[in-house]
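Taking it in order: structure first as structure tokens, then the write-up.
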Amino acid sequence: MTTVERRPGAPAAEDAAAPLVPPVGSHNEWDPLEEIIVGRLDDATIPSSHPVVSCNIPPWAARFQGLAAGHKYPRRLIEPAQQELDGFVALLHSLGITVTRPDAVDHRRRFATPDWASRGFCNTCPRDSMLVIGDEIIETPMAWPCRYFETHSYRRILKDYFRRGARWTAAPKPQLTDELFEKDFRTPGADEPMRYILTEFEPVFDAADFVRAGRDLFVTRSNVTNGMGIEWLRRHLGPGYRIHEIESRCRTPMHIDTTFLVLAPGKALVNPDYIDVDRLPAVLDSWDILVAPEPEPVKDLVLRTASMCGRWLSMNILMVDETRVIAERHHTGMLRALERWGFEPIPCDLMHYAPFGGSFHCATLDVRRRGTLESYFD
């Protein structure tokens, strides 16, 4: 396959010699990867203050965010992350994968609805704002106000995919008024019943709370995905798909890809801190449940303080196909475990992406994988 970074919206003549392939087509997390969207760091802005933001990030990062909200990220954080991101993109190219990038935009610009105003965040994590189901790409109704218009930086890509035959859907745009958020929300303690900052006022969800295994999807309810959001997607997809809820013990849940991942037919990776394997959906009874090893500690004080993610970012890996997997070089325990489980890990650096929301799985959206829609469960 041609190893180029595609320019969305290019004139048809520019691609006249290219083979005609569906622009969007991805049914699971492991079919051979052909095209992927990778996020950008340009003009990344610290999220504007809001309870739904601060309740979802580690305490030190929440303090940093509260003090610097609305300002651009410092170069000290941007530069090492950009170097690693460039290396990751180069790796994808070397593997024969077409890489597409969003437009660079000024995320510090202020915007408003009739009910509230905010500045933006960044477009580092396309996995959150868009969900690919087969030949359909769905813009998700995210709960963070600072991410309200995030998909606008991908619109040139989306219009290009649509012109070439993809289905393009946008979930109902949420109002994000006070009715959506529990007043005086407090994170539950370890011995308290689980509770979330979101009410059921309207459907909201991040795509990163879902992982796909053909006709079956798995989801965690979280502080950015409510029951109405899950039900909206269930009705939208119809009877050809099943959505199974994964129960998480995380007290600040946000995104499934450091909690539960499907890696290949019959193999799922779980976080032992967040998942009780005896309480997984019965549909997984015949699958091998792989327990993630303890992650290596992050010693860099700045990175540890500024990270928006928990310590289990070691699980945030990207399958190239059923065997090959891109994983963080720093997390040697995960690399060794993947080898024991029969995978071929490809070490790569992306540790410094954590202050911007994630690692390999978060930083990407697999748009096209070579495979067909199947059911992997009895």
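Everything numeric in this text was worked out from a predicted model, so none of it was measured.
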(request) Of all the heavy-atom pairs spanning A264 and F343, show the shortest one and how long it is. (result) CB-CE2, 4.2 Å

(request) Could you check if a side-chain atom of H330 sits within less than 4.5 angstrom of a side-chain atom of D300, using non-hydrogen atoms only? (result) no

(request) Output yes when a side-chain donor or acceptor of E139 lies under 3.5 Å from a complementary backbone atom of S129, and no otherwise. (result) no

(request) Mark yes or no for whether N226, through its side chain, and E202, through its backbone, hold a donor-acceptor pair below 3.5 Å. (result) yes

(message) I want to check something: taking the side chain as every heavy atom from C-beta on, are E374 and H27 in contact at a cut-off of under 4.5 Å?
(response) no

(request) Look at the side chain of T199 and the backbone N and O of E179, then say whether any donor-acceptor pair between them is shorter than 3.5 Å. (result) yes

(message) I'd like to check L335 versus H331 (side-chain heavy atoms, cut-off strictly below 4.5 Å). Are they in contact?
(response) no

(message) Contact between F88 and T364 at the side-chain level, heavy atoms closer than 4.5 Å - yes or no?
(response) yes

(message) Looking at Y73 and L41, would you say the former's side chain and the latter's main chain have a donor-acceptor pair under 3.5 Å?
(response) no

(request) Evaluate the side-chain proximity of D178 to K183: yes if any heavy-atom separation is below 4.5 Å, no if none is. (result) no

(message) What's the separation between atom CZ in R108 and atom CZ in R119, rounded to the nearest 0.5 Å?
(response) 4.5 Å

(request) Considering only NZ, NE, NH1 and NH2 on the basic side and carboxylate oxygens on the acidic side, decide whether R212 and D366 come within less than 4.0 Å. (result) yes

(message) Before you tell me yes or no, could you show the steps for V52 and L180 under side chain to side chain contact (heavy atoms under 4.5 Å, CB included), namely the whole-Å CA-CA distance, both residues' side-chain angles and the distance that decides it to 0.1 Å?
(response) CA-CA 10 Å; V52 77; L180 178 62; over 6 Å; no

(request) Determine, using the 4.5 Å side-chain heavy-atom cutoff (strictly less than), whether V367 and L217 are members of one ILVMFWY cluster. (result) no

(request) Kindly indicate, with the supporting measurements, whether the criterion side chain to side chain contact (heavy atoms under 4.5 Å, CB included) is fulfilled by L263 and I317. (result) CA-CA 9 Å; L263 305 183; I317 57 183; 3.9 Å; yes

(message) With a 3.5 Å distance limit and no angle check, can you tell me whether S26 reaches the backbone of V132 through a side-chain donor-acceptor pair?
(response) no

(request) Kindly assign one of parallel, tilted or perpendicular to the pair F121 and W144, based on the angle between their ring planes and the thresholds 30° and 60°. (result) tilted

(request) Check whether more than 12 heavy atoms from other residues, nucleotides or ligands sit under 6.0 Å from atom CZ of R110, and answer yes or no. (result) yes

(request) Supply the atom-to-atom distance L131 CG to D206 CG, rounded to the nearest 0.5 angstrom. (result) 11.0 Å

(request) Could you pull out the closest heavy-atom pair between L303 and P355, with the gap in Å? (result) CD1-CD, 3.7 Å

(message) I'd like to know whether CG of D276 has more than 12 heavy-atom contacts from other residues, nucleotides or ligands below 6.0 angstrom.
(response) yes

(request) Treat each ILVMFWY residue as a node, draw an edge where side-chain heavy atoms are under 4.5 Å apart, and state whether L350 and L33 are in one component. (result) yes

(message) Check for me, please, whether I138 and V211 land in the same ILVMFWY cluster - side-chain distances under 4.5 Å, paths through other members count.
(response) no

(request) Just say parallel, tilted or perpendicular for the rings of W232 and H236, cut-offs at 30° and 60°. (result) parallel

(message) If you compare all heavy atoms of P141 against all heavy atoms of A171, which two are closest, and at what distance to 0.1 Å?
(response) CD-CB, 3.5 Å

(message) Checking the side chain of R304 only, and the main-chain atoms of V298 only, is there a donor and an acceptor separated by less than 3.5 Å?
(response) yes

(message) Please check this pair: side chain of E35 against backbone of T100, looking for a donor-acceptor N/O pair closer than 3.5 Å.
(response) no

(message) So, taking the atom named SG in C250 and the one named CG in N223, what distance separates them when rounded to the nearest 0.5 Å?
(response) 8.5 Å

(message) Could you go through T332 and E296, starting from their C-alpha distance and side-chain angles, then the distance that decides it, and tell me whether this counts as side chain to side chain donor-acceptor pair (under 3.5 Å)?
(response) CA-CA 7 Å; T332 54; E296 280 71 19; 3.2 Å; yes

(message) Tell me whether E339 is salt-bridged to R336, with the criterion being a basic N under 4.0 Å from an acidic carboxylate O.
(response) no

(message) Walk me through whether I230 and E245 qualify under side chain to side chain contact (heavy atoms under 4.5 Å, CB included).
(response) CA-CA 9 Å; I230 297 169; E245 190 163 339; 4.2 Å; yes

(request) Go through the steps to decide whether D209 and T220 satisfy the test side chain to side chain donor-acceptor pair (under 3.5 Å), and finish with yes or no. (result) CA-CA 6 Å; D209 271 322; T220 46; 3.2 Å; yes

(message) Atom CZ of residue position R109 - does it have more than 12 heavy atoms of other residues, nucleotides or ligands inside 6.0 Å?
(response) no

(message) For T113 and Q175, which I'm curious about, is there any donor-acceptor pair between the side chains at under 3.5 Å?
(response) no

(request) Is it possible for you to say whether F218 and V224 belong to one hydrophobic cluster, with membership spreading through side-chain heavy-atom contacts below 4.5 Å? (result) no

(message) I need the F360 CZ to L92 CG distance, nearest 0.5 Å.
(response) 9.0 Å

(message) Tell me whether R242 is salt-bridged to D216, with the criterion being a basic N under 4.0 Å from an acidic carboxylate O.
(response) yes

(request) Examine distances only and state if a side-chain atom of N316 and a backbone atom of C362 form a donor-acceptor pair shorter than 3.5 Å. (result) yes

(message) On a heavy-atom basis, which atom in P281 and which in H244 lie closest, and how many Å separate them?
(response) CG-CB, 4.2 Å

(message) As an exercise, state the distance from CZ of R40 to SG of C122, rounded to the nearest 0.5 Å.
(response) 13.0 Å

(request) Group every Ile, Leu, Val, Met, Phe, Trp and Tyr by side-chain heavy-atom contacts under 4.5 Å, then state whether V320 and V38 land in the same group. (result) yes

(request) For the pair F149 and F111, evaluate ring-ring contact (aromatic ring centres under 6.0 Å, His included) and give the outcome as yes or no after the intermediate values. (result) CA-CA 9 Å; F149 293 109; F111 55 80; 5.2 Å; yes

(request) Answer yes if the ring centres of F210 and F205 are under 6.0 angstrom apart, and no otherwise. (result) yes

(message) Return the CE to OH distance between M142 and Y148, rounded to the nearest 0.5 Å.
(response) 11.0 Å

(request) Kindly give the heavy-atom pair with the smallest separation between I137 and L365, and that separation in Å. (result) CD1-CD2, 4.1 Å

(request) Report yes if the side chains of V53 and P47 come closer than 4.5 Å at any heavy-atom pair, otherwise no. (result) yes

(request) Work out which heavy atom in R167 is nearest to a heavy atom in I133; give both atom names and the distance. (result) NH2-O, 4.4 Å

(request) Walk me through it: do N123 and S153 pass the test side chain to side chain donor-acceptor pair (under 3.5 Å)? (result) CA-CA 7 Å; N123 50 15; S153 58; 3.1 Å; yes

(request) Check whether any side-chain heavy atom of L284 sits under 4.5 Å from a side-chain heavy atom of V277, and report yes or no. (result) no

(message) Keeping E150 on the side-chain end and R147 on the backbone end, is there a donor-acceptor pair under 3.5 Å?
(response) no

(message) Under a 4.0 Å threshold between the charged nitrogen and the carboxylate oxygen, would R164 count as salt-bridged to D160?
(response) yes

(message) Given 3.5 Å as the limit, does a donor-acceptor pair link the side chain of R127 with the main chain of A208, or not?
(response) no

(request) State whether D273 and R249 are salt-bridged, where the test is any N-O pair (Lys NZ or Arg NE/NH1/NH2 against Asp/Glu carboxylate O) under 4.0 Å. (result) no

(request) Answer yes when K267 and E29 have at least one side-chain N-carboxylate O distance shorter than 4.0 Å, and no when they do not. (result) no

(request) Go through F181 and H50 one step at a time and tell me if the side chain to side chain contact (heavy atoms under 4.5 Å, CB included) criterion holds. (result) CA-CA 10 Å; F181 307 104; H50 192 283; 3.6 Å; yes

(request) Taking the side chain as every heavy atom from C-beta outward, state whether M315 and N271 have any pair of such atoms under 4.5 Å apart. (result) yes

